[in-house]
Amino acid sequence: MPVNGLSINLATVREQYNMRQAVDACLRQDIVAIAPWRDQVHAIGLAEASRIVAENGLKVTGLCRGGMFPAGNPAARAAAIDDNRKAIDEAAALNADCLVLVVGGLPVGSRNIAEAREMVADGIAQILPHARSAGIPLAIEPLHPMYAADRACVNTLEQALDICDLLGDGIGVAIDVYHVWWDPKLEQQISRAGAAGRILAHHICDWLVPTTDLLLDRGMMGDGVIDLRGIRRSIEAAGYHGAQEVEIFSAGNWWKQPGEQVLSTCVERFRSVC
């Protein structure tokens, strides 16, 4: 029987498998929902990736990732817009639920985070008509403030929702517990997102104490300090009942384990602690 309500972001097993192999491994665990990354899709080709999804009846809970809008010159900003339009087309070919946006940090040499956030809003506004036409919702993923300079200058759910309210339909948020669990306004903003129908994805892992690497030391659910069940209760109370998508970057641990063991542990922890 399928493991209902669980999706595997394929970054979780990116060191063990290519996309084709990851899908086969997921199916052996009765996992029928995935979220691939664009580099994984490109490695086997979009046509082949789409075929794999369709022939196996997979649900694609998101494609990772678009974004990275801020840049120091108009040509670089235009290139980012073009790449995001390609990402939208790829998400459509995969019949993905959304395109996840990691919006980008400060342009090289900049200290102006307010200007970077303006570039983000402007960039999303430029690609939103194409996303609407393709039927692909855009999911802004706020990242932990430790990434404000280099990866995402949108760091709270409140900031992401403010952009959504500014731009209108066709845009929402991806709520990744690793990035937002600490936010004192989290429950309030989850309710706000739900009331507006803007919750598009829910990503899970855990925050280890101590953490040895801010990017590549995410924990398996239940191994850290995040109140996974509490956050899920808030998300469901806000009206979202979509999949919980496991997304773990773990250079020192889970990426070194056999892929089958990683996936079976994901299933067990999803059932026991999420």
Side-chain angles (χ1 to χ4, degrees), residues 3-14 22 26 31 33-38 40 59-67 91 94 96-103 137-147 151-152 154-157 159-161 164 171-183 186-187 189-190 193-194 198-208 211 214-236 238 240-250 254-255 262-263 265-267 269-271 273-274:
V3 184
N4 292 321
L6 173 65
S7 174
I8 298 296
N9 185 296
L10 297 188
T12 304
V13 286
R14 72 157 47 253
C26 285
I31 298 165
I34 62 167
W37 280 64
R38 292 180 69 199
Q40 296 170 315
K59 183 176 182 61
V60 177
T61 54
L63 177 64
C64 296
R65 56 179 163 73
L94 294 167
D97 289 350
C98 62
L99 174 66
V100 176
L101 301 181
V102 174
V103 298
L138 302 177
I140 301 173
E141 183 176 354
L143 265 57
H144 193 285
M146 63 190 173
Y147 296 123
R151 292 181 182 273
V154 174
N155 309 112
T156 66
L157 199 51
Q159 289 172 328
L161 290 169
C164 293
I171 187 168
V173 294
I175 302 175
D176 187 324
V177 298
Y178 187 76
H179 296 299
V180 301
W181 70 272
W182 57 273
D183 186 350
L186 180 58
E187 187 169 358
Q189 295 302 314
I190 288 174
R198 296 205 187 273
I199 303 176
L200 300 177
H202 175 203
H203 299 179
I204 57 174
C205 61
D206 219 330
W207 184 283
L208 301 177
T211 186
L214 296 179
L215 179 62
L216 300 178
D217 191 36
R218 293 190 182 200
M220 180 65 66
M221 297 81 69
D223 288 348
V225 299
I226 299 177
D227 182 8
L228 294 162
R229 284 180 172 163
I231 294 174
R232 183 62 184 186
R233 282 194 297 268
S234 294
I235 288 175
E236 291 185 347
Y240 179 82
H241 298 279
Q244 298 185 65
E245 179 184 311
V246 178
E247 184 180 37
I248 298 174
F249 308 142
S250 177
W254 295 102
W255 282 352
V262 175
L263 293 173
T265 303
C266 288
V267 171
R269 297 296 181 85
F270 168 72
R271 288 171 167 161
V273 303
C274 297

Y147: ring pair (Phe, Tyr, Trp, His ring centres under 6.0 Å) partners, not counting sequence neighbours: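 If we apply the ring pair (Phe, Tyr, Trp, His ring centres under 6.0 Å) test to Y147, skipping adjacent residues, the hits are H179.
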Can you list everything that forms a ring pair (Phe, Tyr, Trp, His ring centres under 6.0 Å) with F270? Sequence neighbours excluded, please.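 For F270, no residue satisfies ring pair (Phe, Tyr, Trp, His ring centres under 6.0 Å) once neighbours in sequence are set aside.
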Can you list everything that forms a salt bridge (charged side-chain N to carboxylate O under 4.0 Å, His left out) with [X]? Sequence neighbours excluded, please.
X: R232; answer: E236
X: R65; answer: none
X: D206; answer: none
X: R218; answer: D176, E247

Please round to the nearest 0.5 Å and tell me the distance separating atom [atom1] of [X] and atom [atom2] of [Y].
X: L157; Y: I199; atom1: CG; atom2: CD1; result: 7.5 Å
X: M221; Y: Q244; atom1: CE; atom2: CD; result: 8.0 Å
X: S250; Y: D217; atom1: OG; atom2: CG; result: 6.0 Å
X: L63; Y: L10; atom1: CG; atom2: CG; result: 10.5 Å
X: M146; Y: T211; atom1: CE; atom2: OG1; result: 7.0 Å

Using the side-chain contact (heavy atoms from CB on, under 4.5 Å) rule, take I140 and Q159 through it: C-alpha gap first, then chi angles, then the decisive distance, then the call. CA-CA 10 Å; I140 301 173; Q159 289 172 328; over 6 Å; no
Donor-acceptor pair, R198 side chain versus L161 backbone, under 3.5 Å?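 Side chain of R198 to backbone of L161: no pair is present.
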Is a donor on one side and an acceptor on the other found under 3.5 Å between the side chain of T12 and the backbone of V246?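 Answer holds: yes.
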Would T156 and Q189 count as a side-chain contact (heavy atoms from CB on, under 4.5 Å) if you check the C-alpha gap in whole Å, the side-chain angles of each, and the deciding distance to 0.1 Å? CA-CA 9 Å; T156 66; Q189 295 302 314; over 6 Å; no
Could you check W181, W207, Y178 and say which one makes a ring-ring contact (aromatic ring centres under 6.0 Å, His included) with H144?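 Looking at W181, W207, Y178, the match for H144 under the ring-ring contact (aromatic ring centres under 6.0 Å, His included) is W207.
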Closest non-hydrogen atom pair, W37 against A11: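 Residues W37 and A11, closest heavy atoms: NE1-CB, 3.5 Å.
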Apply side-chain contact (heavy atoms from CB on, under 4.5 Å) to residues L6 and R271 and explain how you reach the verdict. CA-CA 9 Å; L6 173 65; R271 288 171 167 161; over 6 Å; no
After noting the C-alpha distance and the side-chain angles of L263 and V267, does the key distance pass the side-chain contact (heavy atoms from CB on, under 4.5 Å) rule? CA-CA 6 Å; L263 293 173; V267 171; 5.7 Å; no
Which of these passes side-chain contact (heavy atoms from CB on, under 4.5 Å) with I175: L200, I204, I190?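 Of all the options given, the one that passes is I190.
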